[in-house]
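Here is the structure we will look at, set down as structure tokens.
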Amino acid sequence: MVDLIYLDPPFAVGSDFEAVTRTAAGTIRHFAYADRWESPAAYLSFLYDVLVPCRELLAPDGAIYVHVDQRSSHWVRCMLQEIFGLANDRGVIAWVLGNGVKTRGQWGCAHNDILCFSKGKRFKLRTERPALREPFAEGSVRTHFRNVDASGRRYRVRRVNGRDYRYFADEGRLVGSVWADCPAMTARSPILGQATGYPTQKPERLLERIIEASSDPGDLVLDLFCGSGTTPAVAQRLGRRWIAADIGRFATETTLARVLQSGCAVDLEYVEIESGQCRSAVQMCNLMGCQDVVEHEAGHVCAALDGRHICVWPSGVHVDAAMIDKAVGAAQGRKRPWAVATSFAEVAHERASLWRYLPETVCAASRAAIVLQSPPRLFAKLAGDGALAWSISAKRLRFKPDGSAALRDIVPTSIVSWSIDQLDSGGVLACGCGTPPEHVDHPHPTGGRLTLRVVDAYGFASECMIDGEVPTVTVRRGAKVEGRHS
């Protein structure tokens with residue numbers, strides 16, 4: 001059973017969001033997710049399907065916090081009251097963003113709502129913890145806390161129902177429903193070291209307060225829209241167990257990299273669940289707006305798109321060169337075909353551009369929901385003194401809301417482990433977590449053939465020969481990603 005659930009779903013703002021990462025090569029923009037919906041009803045139906053199972057997952061004394069804004073707060077609260085019961089409505093937290101407002105035609109909304117519900121009558125609210133306290137105003141301390149105990153602590157005494165209660169000034173007062181001391185900008189501050197580049201990242205102090213309020217060390221925390229990974233990062237630091245999930249590829253990559261780099265010893269298992277957006281190759285073609293869709297007995301689908309011949313294979317099918325040859329043989333002079341697969345072929349194909357479908361979003365209201373990525377191209381060179389030069393690149397194809405396709409060169413940023421392997425002996429020269437370093441401890445062995453292998457957050461491995469030979473790409477599925485940092 002889950003002790004605490006925190007949900008920060010899309011807000012139905014009607015636009016797309018991009019993440020920004022900065023590398024030595026400059027600023028790189030990544031598509032994060034689309035927050036477009038056919039109607040308010042479609043958005044609320046999606047949330048309802050998430051909230052109902054959440055109640056079943058909660059422990060009897062568990063709580064759920066749902067983070068929304070003024071667009072949907074009233075609707076979502078009504079749904080939560082229906083699902084969890086009116087008696088289990090534990091209030092609304094107004095999180096003050098601290099960013100100021102720019103709206104002139106109406107009152108600018110300067111806060112988000114965090115709706116809190118419990119599963120039953122028992123409800124964890126650990127009000128004694130420092131994370132739920134804030135300092136008293138200086139004037140209040142001078143006026144009311146005039147007593148000093150033997151250790152020098154200032155306190156006041158209040159008599160309630162014939163009994164005296166002692167309150168210490170240094171303990172602070174319990175925070176109420178307005179939280180103005182967790183400004184959103186702290187999540188993007190380079191000084192505090194929290195920034196990941198994810199567009200809707202929340203500050204760690206906000207999640208720290210929620211986790212400390214309604215869970216204990218060892219409890220299980222669940223976040224189904226983990227985004228930048230703030231919830232699992234804070235839960236790990238506070239000694240909670242956690243489960244994090246997100247349908248966005250960039251969110252998953254960001255979360256995994258953040259946890260692996262947190263300085264805590266971790267043993268992670270990554271599980272990929274098929275997106276409900278594209279349950280079949282036919283549905284994929286329909287979402288892309290293809291024409292002349294034909295489903296074949298072999299399981300793939302052929303169709304026409306923007307003057308191209310396109311072939312789509314369902315999830316779990318490993319596509320090889322022979323399969324592509326057979327499928328694109330009917331191109332008949334059209335533009336270079338596209339082949340879309342969830343598993344890459346071992347070799348790049350001469351006749352077709354091979355792409356992997358990325359389930360970036362749950363919103364299929366437009367073709368903007370479809371994102372494809374080419375196999376990565378990896379290059380590496382290792383000098384005799386151990387200096388390692390390497391690079392990786394790929395292309396991303398995304399359909400715009402107007403139906404046109406945008407092609408962009410990208411640098412994959414999701415690498416979570418690397419190794420330099422010796423082909424002749426089958427041994428490993430060097431390996432590690434994260435991206436490959438600029439220098440390895442062991443020199444280049446004379447006459448030895450070496451390969452650089454990198455693995456991304458989804459368990460896909462890219463491999464190339466070292467020292468400038470023509471790169472080849474191999475992709476294998478892997479369910480477990482392990483990393484350990486001292």
Side-chain angles (χ1 to χ4, degrees), residues 1-13 35 37-97 107 109-129 131-134 160 173-180 182 200 202 206-216 219-227 231 235 240 242-243 245 362:
M1 302 294 285
V2 176
D3 300 284
L4 171 63
I5 299 176
Y6 171 77
L7 301 181
D8 183 14
F11 286 1
V13 301
D35 192 5
W37 305 87
E38 292 179 343
S39 64
Y43 170 73
L44 294 174
S45 177
F46 156 72
L47 279 185
Y48 190 88
D49 289 342
V50 173
L51 295 173
V52 171
C54 282
R55 185 187 183 280
E56 302 306 314
L57 290 172
L58 272 178
D61 60 348
I64 183 171
Y65 290 75
V66 183
H67 195 140
V68 289
D69 70 359
Q70 79 281 2
R71 297 176 182 85
S72 60
S73 179
H74 50 300
W75 290 325
V76 176
R77 190 175 187 185
C78 288
M79 284 199 305
L80 287 166
Q81 289 175 345
E82 174 190 340
I83 296 168
F84 289 86
L86 186 61
N88 296 323
D89 186 335
R90 301 298 177 173
V92 180
I93 297 163
W95 176 46
V96 180
L97 303 175
W107 289 108
C109 188
H111 75 280
N112 288 167
D113 289 342
I114 303 177
L115 313 175
C116 179
F117 281 75
S118 63
K119 185 172 183 176
K121 293 181 178 180
R122 288 188 295 160
F123 170 54
K124 289 182 181 178
L125 187 60
R126 309 303 194 207
T127 58
E128 73 282 357
R129 291 177 177 164
L132 273 72
R133 297 277 170 171
E134 59 184 1
V160 180
R173 63 183 180 183
L174 180 65
V175 297
S177 61
V178 178
W179 295 0
C182 314
T200 52
K202 301 303 183 290
L206 177 68
L207 269 299
E208 181 178 346
R209 179 168 289 169
I210 292 173
I211 292 173
E212 287 279 32
S214 295
S215 71
D216 298 317
D219 281 356
L220 181 59
V221 178
L222 173 65
D223 186 347
L224 297 176
F225 303 91
C226 62
T231 300
R240 273 66 167 177
W242 54 267
I243 299 174
V362 297

- Task: Go through Phe225 and Tyr6 one step at a time and tell me if the side chain to side chain contact (heavy atoms under 4.5 Å, CB included) criterion holds.
- Result: CA-CA 8 Å; Phe225 303 91; Tyr6 171 77; over 6 Å; no

- Taking the six-membered ring for Trp, is the centroid-to-centroid distance between His111 and Trp179 below 6.0 Å? no

- Message: Whether Asp89 and Arg77 form a salt bridge (side-chain N of Lys/Arg under 4.0 Å from carboxylate O of Asp/Glu) is what I want to check.
- Response: yes

- Taking every non-hydrogen atom, the tightest pair across Leu132 and Arg209: CD1-O, 3.7 Å

- Query: Quick one: OG1 on Thr200 to CG on Asn112, what's the gap to the nearest 0.5 Å?
  - Reply: 10.5 Å

- Item | Working for side chain to side chain contact (heavy atoms under 4.5 Å, CB included), residues Met79 and Leu51 | CA-CA 9 Å; Met79 284 199 305; Leu51 295 173; 4.1 Å; yes

- Query: For Arg129 and Ser215, which heavy atoms make the closest approach, and how far apart are they?
  - Reply: NH1-O, 2.6 Å

- Heavy-atom pair of closest approach, residues Val221 and Thr231: CG1-CG2, 3.9 Å

- Determine, step by step, whether Lys202 and Asp223 satisfy the salt bridge (Lys or Arg N to Asp or Glu O under 4.0 Å) criterion, reporting the C-alpha distance in whole Å, the side-chain angles of both residues, the deciding distance to 0.1 Å, and the verdict. CA-CA 13 Å; Lys202 301 303 183 290; Asp223 186 347; over 6 Å; no

- Would Cys109 and Leu97 count as a side chain to side chain contact (heavy atoms under 4.5 Å, CB included) if you check the C-alpha gap in whole Å, the side-chain angles of each, and the deciding distance to 0.1 Å? CA-CA 9 Å; Cys109 188; Leu97 303 175; over 6 Å; no

- Answer yes or no: is there an ion pair linking Asp3 with Arg240, defined by an N-O contact shorter than 4.0 Å? no

- Message: If I take atom SG from residue Cys226 and atom CD1 from residue Ile243, how far apart are they, to the nearest 0.5 angstrom?
- Response: 12.0 Å

- When you check the gap from the basic side-chain N to the acidic O, do Arg126 and Glu212 get nearer than 4.0 Å? no

- Task: Calculate, to the nearest 0.5 Å, the distance between atoms NZ and OG belonging to Lys124 and Ser214 respectively.
- Result: 8.5 Å

- Kindly give the heavy-atom pair with the smallest separation between Ala213 and Tyr65, and that separation in Å. CB-OH, 4.3 Å

- Using the test side-chain hydrogen bond (donor to acceptor under 3.5 Å, both in side chains), find all partners of Ser73 that sit at least two apart in sequence or belong to another chain. Asp113

- Query: Asp219 side chain to Asp216 main-chain N or O, any donor-acceptor pair under 3.5 Å?
  - Reply: yes

- What is the distance from atom CG of Asp49 to atom SG of Cys54, rounded to the nearest 0.5 Å? 11.0 Å

- Task: Mark yes or no for whether Asn88, through its side chain, and Phe84, through its backbone, hold a donor-acceptor pair below 3.5 Å.
- Result: yes

- Listed by chain and number, what are the ring-ring contact (aromatic ring centres under 6.0 Å, His included) partners of Phe117, not counting sequence neighbours? none

- Among Leu206, Ile210, Leu207, Leu115, find the residue that satisfies the side-chain contact (heavy atoms from CB on, under 4.5 Å) test when tested with His67. Leu206

- Item | Trace of the side chain to side chain contact (heavy atoms under 4.5 Å, CB included) decision for Val92 with Ser177 | CA-CA 7 Å; Val92 180; Ser177 61; over 6 Å; no

- Sidechain N-carboxylate O distance under 4.0 Å for Asp61, Lys119: no

- Task: Determine the minimum heavy-atom distance between Ala63 and Leu58, stating which atoms define it.
- Result: O-CD2, 3.5 Å

- Task: Please name the pair of heavy atoms, one in Arg122 and one in Pro60, separated by the smallest distance, quoted to 0.1 Å.
- Result: NH2-CB, 3.4 Å

- Salt-bridge test for Arg71 and Asp35: reply yes if a basic N is under 4.0 Å from a carboxylate O, no otherwise. no

- Matching residue for Ile64 among Leu222, Ile5, Ile83, Val2 - test: side-chain contact (heavy atoms from CB on, under 4.5 Å): Ile5

- Message: Aromatic contact between Trp75 and Tyr43, with the criterion being ring centroids under 6.0 Å apart: yes or no?
- Response: no

- Item | Side-chain touch Pro9/Val50, heavy atoms, less than 4.5 angstrom | no

